Amino acid sequence: MVSIANIVGSGSLSVELNVDQLGTDLDVPYTEYDPENYHGLYVRLVEGGPLITVYRSGKYIISGCSAFEELEDTNEKFLEHLTEFGIIESELDPGFTVQNVVCTADLGHSVNLNALAIGLGLEAVEYEPEQFPGLVYRPTEFPTVLLLFANGKVVVTGAPDVHIAEEAFSSLQSQVDGLLE
DNA sequence: TTAACGTTTTCTTATATAGCCTGATACA
DNA sequence: TGTATCAGGCTATATAAGAAAACGTTAA
């Protein structure tokens, strides 16, 4: 069982934007545009909520969502705001897709990371405790990266879908259990 | 040697995780 | 002044975006 920590998605408005002006015009709790720091416009529709980064090209990224419903809702509301300003047509399909799902999970017991590094196969593992306390595991059968910690906690990242994250974690759990037997 | 390109890297944001380091504060 | 505790920042990971800087290569 994994729980979602963060979802990142992106889409395109297919229109060139004046992001500086857009930041001023939008009637939302938070906007920030500081081209000396970063060239993207930051938008939050809800205080402390997901962050939308908008680019001059019309492309945008939404990050900081902990549920797919929240991501879809944020995307829809953002498009509604832009439609109100006449920036886009209401029927526009931005081709919005989920790019990265970050999940956390727990093996339920502590693990010996040194032994695990050997058991999982050194070619798929990076473990340098002096640099970072977690073991980095890149399974060949899933497009994800898993970070394992000595207390059994796991971070799954890079998955394009939560089901892939779940499968990757289940596969890891089976391998760990097999090594413990 | 210098200019003009082309390519690559860095930056920023969100998020979980844990260990180490640094600085600030509190107390003896 | 010395020690203890706490908070915060950094380390690594993925992903999108695009500007800017840092490179490398080629030609004059």
Side-chain angles (χ1 to χ4, degrees), chain A residues 1-20 22-23 28 30-68 70-71 73-75 78 94-114 116-117 120 124-140 142-169 172-173 176:
Chain A
M1 181 65 184
V2 302
S3 60
I4 298 170
N6 183 29
I7 310 172
V8 182
S10 67
S12 175
L13 304 170
S14 302
V15 63
E16 288 276 325
L17 299 172
N18 181 339
V19 290
D20 190 12
L22 182 63
V28 296
Y30 171 86
T31 63
E32 183 189 328
Y33 180 60
D34 180 6
E36 287 188 12
N37 181 47
Y38 192 62
H39 56 276
L41 165 70
Y42 295 133
V43 177
R44 286 187 205 274
L45 304 181
V46 180
E47 210 161 318
L51 181 74
I52 307 168
T53 310
V54 189
Y55 298 92
R56 204 175 60 181
S57 64
K59 293 185 177 180
Y60 64 101
I61 302 167
I62 300 177
S63 61
C65 297
S66 53
F68 284 94
E70 188 182 21
L71 182 71
D73 187 51
T74 302
N75 185 42
F78 177 56
F96 191 80
T97 52
V98 172
Q99 303 290 349
N100 182 24
V101 180
V102 183
C103 301
T104 58
D106 197 341
L107 291 169
H109 53 80
S110 59
V111 289
N112 182 329
L113 296 181
N114 283 309
L116 199 59
L120 291 172
V125 163
E126 288 174 37
Y127 180 48
E128 295 179 52
E130 304 84 10
Q131 197 170 5
F132 186 68
L135 180 151
V136 181
Y137 175 48
R138 300 173 200 275
T140 52
F142 300 103
T144 61
V145 174
L146 297 96
L147 310 181
L148 288 82
F149 297 89
N151 61 3
K153 293 199 174 179
V154 179
V155 176
V156 187
T157 187
D161 189 278
V162 69
H163 301 299
I164 292 175
E166 284 174 346
E167 286 179 23
F169 175 69
L172 169 76
Q173 201 163 30
V176 172

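Order of the sequence lines sets the chain letters (A, B, ...), proteins ahead of strands, with each chain counted from 1. Quick caveat: nothing in here was measured; it's all calculated off a predicted structure.
Taking A/Asp106 as the reference, nothing meets the salt bridge (charged side-chain N to carboxylate O under 4.0 Å, His left out) condition, with sequence neighbours excluded. Applying the side chain to side chain contact (heavy atoms under 4.5 Å, CB included) rule to A/Asn112 yields the partners A/Asn114, A/Ala115; only residues at least two apart in sequence or on another chain are considered. Residues meeting the side-chain hydrogen bond (donor to acceptor under 3.5 Å, both in side chains) test with A/Ser14, sequence neighbours left out: none. Scanning for side chain to side chain contact (heavy atoms under 4.5 Å, CB included) contacts around A/Pro143 gives A/Pro160, A/Ile164, with sequence neighbours left out. Remark: A/Phe78 pairs with A/Tyr60 by the ring pair (Phe, Tyr, Trp, His ring centres under 6.0 Å) rule, at least two apart or across chains. In this structure A/Arg138 satisfies the salt bridge (charged side-chain N to carboxylate O under 4.0 Å, His left out) test together with A/Glu126, sequence neighbours excluded. Every side chain to side chain contact (heavy atoms under 4.5 Å, CB included) that A/Glu167 has, sequence neighbours left out, goes to A/Phe142.
Pairs passing the side chain to side chain donor-acceptor pair (under 3.5 Å) check and including a residue from residues 37-54 of chain A, sequence neighbours excluded, read A/Tyr38-A/Tyr55.
Between A/Asp161 and A/Val98 the shortest side-chain heavy-atom distance does not fall below 4.5 Å.
Listed by residue number, A/Ser63, A/Gly64 are the residues of residues 59-67 of chain A with a heavy-atom contact under 4.0 Å to DNA chain B. Of the residues in residues 32-44 of chain A, A/Tyr38, A/His39 come within less than 4.0 Å of DNA chain C through at least one heavy atom, sorted by number. In the region residues 130-138 of chain A, proximity to DNA chain C at under 4.0 angstrom, judged on heavy atoms, holds for A/Gln131, A/Phe132, A/Val136, A/Arg138.
Taking 4.0 Å as the cutoff to heavy atoms of chain A, we find the contact window on DNA chain C bounded by C/dT11 to C/dA19.
Residue contacts for A/Leu51: at a heavy-atom cut-off of 4.0 Å it reaches the sugar-phosphate backbone alone, with no base atom in range. Residue A/Val102 is classed as a base contact, given a heavy-atom separation below 4.0 Å to a base.
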